[in-house]
Amino acid sequence: MELHCDTCAGPRIFEKPACTDHPRSSCPDWACASCGAAIVVAPVILLMDRRSRVLLRRAA
């Protein structure tokens, strides 16, 4: 797969590295074949504010 590498400052070939600590057969990360810079793919985590909303009213 060809992606933009920030370290090489241009389009480069990216490969999936061998991964022994990941439960699946291959890592979800990609590494630049030229310099080895990695693109880390992490799951999206949504942080929600669960506090009750406070309504502010103007004094009349």
Side-chain angles (χ1 to χ4, degrees):
M1 174 184 289
E2 188 172 280
L3 298 169
H4 178 80
C5 178
D6 289 335
T7 306
C8 296
R12 299 286 188 255
I13 301 295
F14 276 73
E15 300 173 342
K16 285 192 170 205
C19 188
T20 58
D21 61 342
H22 200 271
R24 289 185 269 174
S25 60
S26 64
C27 285
D29 308 330
W30 291 87
C32 177
S34 298
C35 69
I39 296 177
V40 179
V41 180
V44 176
I45 298 173
L46 298 175
L47 300 176
M48 299 178 70
D49 187 4
R50 296 186 185 267
R51 294 178 288 182
S52 62
R53 295 184 181 189
V54 177
L55 297 176
L56 299 177
R57 297 183 185 178
R58 287 188 204 173

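- One finds the CE atom of M1 at 8.0 Å from the NZ atom of K16 (value rounded to the nearest 0.5 Å).
- Distance check, rounded to the nearest 0.5 Å: CD1 of I39 to SG of C32 gives 8.5 Å.
- In this structure, S34 and R12 approach most closely via the heavy-atom pair OG-CD, 3.4 Å.
- Here the CG atom belonging to D6 is positioned 9.5 Å from the SG atom belonging to C35, to the nearest 0.5 angstrom.
- Put simply, the side chain of P11 does not reach to within 4.5 Å of the side chain of C5, judged on heavy atoms.
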